[in-house]
Amino acid sequence: MKLINFSFRNLIFRFINILLCLTLVMVVAKPVFADVYVKAFLEGADFSGRSLQGYQFNESDLRSSSFVNADAQGVSFFAANMKEANLTGANLSYSTLDNARLDKANLTNAVIEGSFAYGTSFNGVIIEGADFTDVDLRPPIRQKLCQVAKGQNPITGRLTRETLECE
């Protein structure tokens, strides 16, 4: 009888401990959720200064949106329409920009290091001080960007022309 009584108390004690732990986790912990915007209409949206790590904006309409000084490392902008978006000072390192339209976007002092942008459109883009280190670009696009490349990135200290490997 004592063994059954002891086991029952032990079971109750464990149940109370689990309940307290779950309560503590739910009250104290602040979970971080990344938003997923697929084919979303976000024209003119303001993401300035926000941490967007893990977000997805695949095939979304981000025309004239603002990502000024946003931390968008590793964010997926696959096939997003970012025409005339303001990405001044944004950290886009290791992001997916493939097939995105960055026409007339402002990338002043942005860090795009290690991003995949092979099929990205950069017509009329402003890239003064942008860091394109190890960005996968098509050769004709790289040559086109080299024609307007100037400045030095204030974060990495790298010259835009050198990061694009301009001759």
Side-chain angles (χ1 to χ4, degrees), residues 22 25-156 158 160-161 163-166:
L22 287 173
V25 166
M26 295 186 81
V27 171
V28 175
K30 295 185 189 237
V32 177
F33 298 104
D35 287 340
V36 176
Y37 299 103
V38 176
K39 297 183 181 180
F41 181 77
L42 298 166
E43 182 177 2
D46 189 2
F47 295 97
S48 297
R50 291 183 49 191
S51 177
L52 304 170
Q53 292 183 16
Y55 277 44
Q56 292 181 29
F57 295 97
N58 297 340
E59 300 179 88
S60 291
D61 186 347
L62 294 163
R63 288 175 293 162
S64 302
S65 57
S66 180
F67 290 88
V68 175
N69 296 321
D71 182 2
Q73 296 179 72
V75 171
S76 180
F77 293 101
F78 176 78
N81 184 357
M82 301 175 75
K83 184 177 181 182
E84 298 178 355
N86 188 353
L87 298 146
T88 301
N91 187 346
L92 300 165
S93 299
Y94 307 102
S95 292
T96 300
L97 297 164
D98 195 39
N99 290 330
R101 289 182 301 271
L102 286 165
D103 300 335
K104 297 182 182 177
N106 187 346
L107 291 165
T108 301
N109 297 329
V111 178
I112 311 154
E113 180 177 2
S115 293
F116 184 71
Y118 196 77
T120 305
S121 173
F122 288 101
N123 295 315
V125 71
I126 301 167
I127 61 168
E128 184 171 348
D131 185 340
F132 284 88
T133 302
D134 297 327
V135 174
D136 192 13
L137 295 166
R138 289 179 303 176
I141 298 298
R142 186 177 303 276
Q143 291 170 355
K144 187 179 188 181
L145 291 175
C146 281
Q147 293 173 1
V148 296
K150 61 182 177 180
Q152 181 176 9
N153 188 276
I155 304 297
T156 65
R158 299 179 188 132
T160 301
R161 291 188 57 75
T163 65
L164 283 166
E165 300 172 359
C166 302

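This structure is a prediction, so every number in the text was calculated from the model and none was measured. We use all heavy atoms of the structure for the numbers below, so side chains are in, but hydrogens, waters and symmetry mates are not.
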Look only at the side chain of [X] and the backbone of [Y], and say whether a donor-acceptor pair between them is shorter than 3.5 Å.
X      : Y      : value
Asn153 : Asn109 : yes
Ser65  : Ala45  : no
Thr160 : Gly129 : yes

So do the side chains of [X] and [Y] get within less than 4.5 Å of each other, counting heavy atoms only?
X      : Y      : value
Phe67  : Leu52  : yes
Lys83  : Arg101 : no
Ile155 : Asn91  : no

Quick check for you: to the nearest 0.5 Å, what is the distance between [X] atom [atom1] and [Y] atom [atom2]?
X      : Y      : atom1 : atom2 : value
Asp71  : Arg50  : CG    : CZ    : 12.0 Å
Leu97  : Met82  : CG    : CE    : 6.5 Å
Arg161 : Gln152 : CZ    : CD    : 14.0 Å

Could you pull out the closest heavy-atom pair between [X] and [Y], with the gap in Å?
X      : Y      : result
Ala80  : Leu62  : CB-CD1, 4.1 Å
Leu145 : Val125 : CD2-CG1, 3.6 Å
Leu87  : Ala105 : CD1-CB, 4.4 Å
Thr163 : Phe132 : OG1-N, 3.0 Å
Leu137 : Ala117 : CD2-O, 3.7 Å

| said: If only side-chain N and O atoms count, and only distance matters, is there a donor-acceptor pair under 3.5 Å linking Asp103 with Ser121? | reply: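 Looking only at side-chain atoms, Asp103 and Ser121 do form a donor-acceptor pair, the distance falling under 3.5 Å.
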| query | Going by atom types alone, do Asn106 and Thr108 pair a side-chain donor with an acceptor below 3.5 Å? | reply |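 Result is yes, a qualifying pair exists.
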| Can you pull the disulfide bond (SG atoms under 2.5 Å apart) pairs that have at least one residue in residues 49-123, sequence neighbours excluded? |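 Sorted result for residues 49-123: empty, none.
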| said: Set out, in order, the CA-CA distance, both residues' side-chain angles and the distance that settles side chain to side chain contact (heavy atoms under 4.5 Å, CB included) for Arg63 and Phe41, then state yes or no. | reply: CA-CA 9 Å; Arg63 288 175 293 162; Phe41 181 77; 3.9 Å; yes
| query | Should the pair Phe47 and Phe57 be assigned to parallel (<30°), tilted (30 to 60°) or perpendicular (>60°) ring geometry? | reply |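 Judged by the thresholds at 30° and 60°, the geometry between Phe47 and Phe57 is perpendicular.
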| task | Quick one: list whatever passes side-chain contact (heavy atoms from CB on, under 4.5 Å) with Ser95, sequence neighbours left out. | result |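 Val75, Leu92, Ser115.
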| request: Any side chain to side chain donor-acceptor pair (under 3.5 Å) involving residues 126-146? Give me the pairs, sequence neighbours left out, ordered by first then second residue. | output: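 Applying side chain to side chain donor-acceptor pair (under 3.5 Å) to every pair that reaches into residues 126-146, excluding sequence neighbours, yields Asn123-Lys144, Asp131-Thr133, Asp131-Thr156, Asp131-Arg158, Thr133-Arg158.
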